[in-house]
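Everything on this sheet refers to the single structure shown next.
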Amino acid sequence: MTTTRSRQERDSATTIDRDRYDPAAIETKWQERWEREGVHRTPDHVPGKDNWYALVMFPYPSGDVHIGHWYQYAGADAHARFKRMQGYNVLHPMGFDSFGLPAENAAIASNVHPRIYTETNIDNMRRQFRAMGTSYDWDRELTTHTPDYYRWNQFLFLRFYEAGLAYQSRGFANWCESCQTTVANEQVLDGACERCGTVIVRREMDQWFFRITAYADELLQMDDIDWPNKIKVMQNNWIGRSQGVDFQFDISEYGLAESSLTTFTTRIDTVYGVTFVVLAPEHPLVEGLTQPEQRKTVREYIDQAARTSEIERTSTEREKTGVRTGAFAINPLNGERVPILVGDYVLATYGTGAVMGVPAHDERDFVFAKKYGLEIRVVIAPDGWDGSDLEEAYLAPGTQINSAEFDGLPSRDGIEKITDKIEADDIGARRITYRMRDWQFSRQRYWGTPIPIIHCDSCGTVPVPVTDLPVRLPDEAQFKPTGRSPLADDPDFINAACPHCGEPARRETDTMDTFVDSSWYHLRFASPQEAEAPFEPQAVKSWLPVHQYMGGAEHAVMHLLYARFFTKALRDLKMVDFGEPYSRLFNQGLLIKDHAKISKRSNPLAPDPLVDRYGADTIRCYLMFLGPWDQGGDWSDDGLAGITRWLNRVWDLASRDPSGLLSNGSGDSDADRELLRMSHKTTRRVVGDFERFKFNTTIAALMELVGEMNRRWESGSISAAVWSDTVERILLLTAPLAPHIAEELWERTGHTFSIHNVSLPGWNDELATDEVITVVVQINGKVRDRLQLSVDVTEEEAFEAAFASERVKAYTGDSEIVRRIYIPGKLVNFVIR
RNA sequence: GCCGAGGUGGCGGAAUGGUAGACGCGACGGUCUCAAAAACCGUUGGGCAUAACGCCCGUGCGGGUUCGACUCCCGCCCUCGGCACCA
């Protein structure tokens, strides 16, 4: 029986629940129920389900989940929820990277203990994460500032130390005057502290290092990880592998302990063009080589260089300077005696700290030679070179000239041949150098993991026995920064018996870089309660490596590089059986507002009031709707209206009573088929878009489906069965993005708790295929008509239909059709003359 | 300087060789209302126009490949991110 009533009549007569959508009324309710019933608790194994580890970079507990955090964590949560509804057993944990300077600085500023400050912040953030509707398993929460966690930093450090992967060494370190600590090279941006922007100065001191360079080549190998190319390129550049030759100049005439001076070059083909040698001011041979009459000048120059900041010294704009040592080096290949200079454009920390000066074929050497009147000798001839003086250094390959027996060779071959000779004559060797240096991880501050080492006058550097761990951070400390660790002023901490000889000795007082904590936290999440080891091997086996890692690109050469190093080191220590921590990585973009960075001071956007006003679901969806997640988005309050309307429409649709619709509905009327088609199509689109993190088009597709449902309801010729099926689909597909409203409507439409344990609907490709398609008819590539044709139209039929079109006839006229193109289901193109 | 990403309506964006501008915001017009808001419906790239389901132009700029280019190729410009005296 068919009944068609007016829309008003149907609405007022049959709607079961006319409640307005009120986020405040439902969101807390469901958050509490999810918590109570442990919906997001993740066992290590669930029969019949594969595991999926969805990890998002954990935050520093600044005290507030700001809107940038929302952008990051809402997207990550939606993806994790999507995977859960695809049928995976999903581990999506949350914790806090809770050691670090801000807590200590707050302690200095307002006299709160860093631990109190940190834990208060964590409490607030945990509350905010709940209000966001995230699906974390809080039973697995970890905080890195607790002894339960940091003792394992110490444990791993000791394993690394035994293996020679951690060592102490004296040298020039990056010192931040404002943070009052050293920082690693990765944490210096444009010569300034990554954290506070203060210019970094070099300071000579004892520091602890992880031997990350031992893995340089392996770290370059990234073919097997599915990461954004951008990050791979950044790591590649950072590691900076370059292949060259160590080449020795003879300085035996000076009777020093060293009879030769080694330079590193990637352009050994230019070696016959060497007209000088430059040493870094810090080079150990400078002292011995400097001749008496040059001593004063050289000393002044070195002092000057030492006072110059790193940022200035490495500026490409700066004019190159240098002074002569008065000494000469002999090029063993041609016996020439060339002057040795000191110049601060040569870095002590790269290669050998000494370079051979080839002004004709190196830009820097060229300007240096011009300035100091040094000879410029061409040894690589450009094609068609007429022998005249060069205007600038010639860097490209060419033909060897003035190069003894190598004359006439292409310079590319020259590199190999000359290197062979050098190796045969034992005056140098092939060598690979890296730009990356070892990871300097000791910090002169309080709020971090104490390095478990004891310094003994008789036994030297002695590791704390594993059984004595953790070396606890003393609760009381004088936080005022003095340039050395506050721990150094704590006699109770510093005085310890040497584990070796039992004599009084001193503890190491530096603490660890917080990047140590985050280098292995993904392992700890697998078994966060484990008391006997950093992680439990079986749990690690079931969860790692991380299937999907999510977070910002700003960690490309810090956290992401360190974590890869840790994993490889742990593998070699036989603690894990894989070499990469994160199989897939996705970087979300940056959220901005009014084309400007969001900042607490100048451009604020606090989430809590927004949640009060619109509800968490609306904020989550709006953030995901702004644009593709990897490209970031531009927030504007106005745009929220669109999401509000959409969610209200979903609420309205799901609240209608479909019993007044056609009751014979087996889904075979035209209208039913159309709605079914749309809903299957949408399912296909949404699942594909979720997979690729295209949340914005996911929502667009769902909005279109809502529009279609409203039109179909209006026309009234659909069945209750198809209607209900479509409502169900909309709720399921919306659930990862807007978990609360989906749960509420799921219950209201008579389903059992919880929607988040239900699998996403599948789709039927056949049902999702259009029966009638629009075929575009082009004449010479311009659209002239559109034809509605059956989906299974043949090529010939399509051409016939196109020919029959009046509009086409008007264009073709008497012209000759020289070519016809048919793209099945899409278009016909006639090429006419 | 080198490497990477990007440039599409008033705005956020969609479409990766086949109908450019999906979806949303805003704006304009309408319905409802005493009125307004909300809600709902319609229009909305620019120009021409005899007003036609009509024509021309249009995806940073200039060339090219192709029946057909936002999409591929070459050369530039601009924005953002990374690296930068690395020998």
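Here is the naming used below: chain letters follow the sequence lines, and residue numbers restart at 1 for every chain. All values below come from the heavy atoms of this structure, side chains included, with hydrogens, waters and symmetry mates left out.
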Review point. Does Arg656(A) make a cation-pi contact with Trp713(A), if we ask for NZ or CZ under 6.0 Å from the ring centre and within 45° of the axis?
Key: yes

Is there a donor-acceptor contact under 3.5 Å from the side chain of [X] to the main chain of [Y]?
X         : Y         : value
His361(A) : Val379(A) : yes
Asp785(A) : Val777(A) : no
Asp365(A) : Val358(A) : yes

**Study point:** Under 4.0 Å protein heavy-atom contact, by nucleotide of nucleotides 63-75 of chain B - B base, S sugar-phosphate only
**Key:** ----B--------

Check your understanding: Any idea which heavy atoms bring Ala305(A) and Asp344(A) closest together, and the distance?
Key -> CB-CB, 4.2 Å

Give [X] one of three labels, base, sugar-phosphate or nothing, depending on what nucleic acid heavy atoms sit under 4.0 Å from its own.
X         : answer
Thr433(A) : nothing
Val818(A) : nothing
Lys232(A) : nothing
Lys782(A) : sugar-phosphate
Arg784(A) : sugar-phosphate

Check your understanding: In terms of the angle between their ring planes, are Phe693(A) and Phe586(A) parallel, tilted or perpendicular, with boundaries placed at 30° and 60°?
Key ->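 Because their plane-to-plane angle is under 30°, the rings of Phe693(A) and Phe586(A) count as parallel.
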
Could you check which of [options] has an atom nearest any side-chain atom of [X]?
X         : options                   : answer
Thr697(A) : rA15(B), rA84(B), rC56(B) : rA15(B)
Met234(A) : rU19(B), rA14(B), rG82(B) : rG82(B)
Val776(A) : rU19(B), rG82(B), rA87(B) : rU19(B)
Met703(A) : rA15(B), rG24(B), rC55(B) : rG24(B)
Phe625(A) : rC23(B), rC3(B), rC85(B)  : rC23(B)

Whole angstroms only, please: what is the [atom1]-[atom2] distance between [X] and [N]?
X         : N       : atom1 : atom2 : result
Leu590(A) : rA5(B)  : CG    : C1'   : 14 Å
Leu647(A) : rA39(B) : CG    : P     : 13 Å
Leu626(A) : rC23(B) : CG    : P     : 18 Å

Check your understanding: Yes or no on salt bridge (charged side-chain N to carboxylate O under 4.0 Å, His left out) for Glu674(A) and Arg711(A), after CA distance, side-chain angles and deciding distance?
Key -> CA-CA 11 Å; Glu674(A) 287 307 316; Arg711(A) 282 187 292 276; over 6 Å; no

Exercise for review: Could you say whether Ile699(A) or Val233(A) is positioned toward the 5' end of RNA chain B, judged by the nucleotide with the nearest heavy atom to each?
Suggested key: Val233(A)

**Study point:** Under 4.0 angstrom between Asn696(A) side-chain N/O and rA14(B) OP1 or OP2
**Key:**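 Yes, such a contact exists.
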
Practice item. Identify the nucleotide, in any strand shown, that forms a Watson-Crick or G-U wobble pair with rG45(B), with both distances under 3.5 Å; if there is none, say none. Key: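 Pairing partner: rC57(B).
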
Mind listing the N/O atom pairs, protein and nucleotides 25-27 of chain B, below 3.5 Å?
residue	atom	partner	partner atom	Å
rC25(B)	OP1	Arg645(A)	NH1	2.3

Check your understanding: In this structure, are over 12 heavy atoms from other groups packed under 6.0 Å from Arg430(A) atom CZ?
Key -> yes

Exercise for review: Examine Trp635(A) together with Tyr71(A) and report whether their ring centres are nearer than 6.0 Å.
Suggested key: no

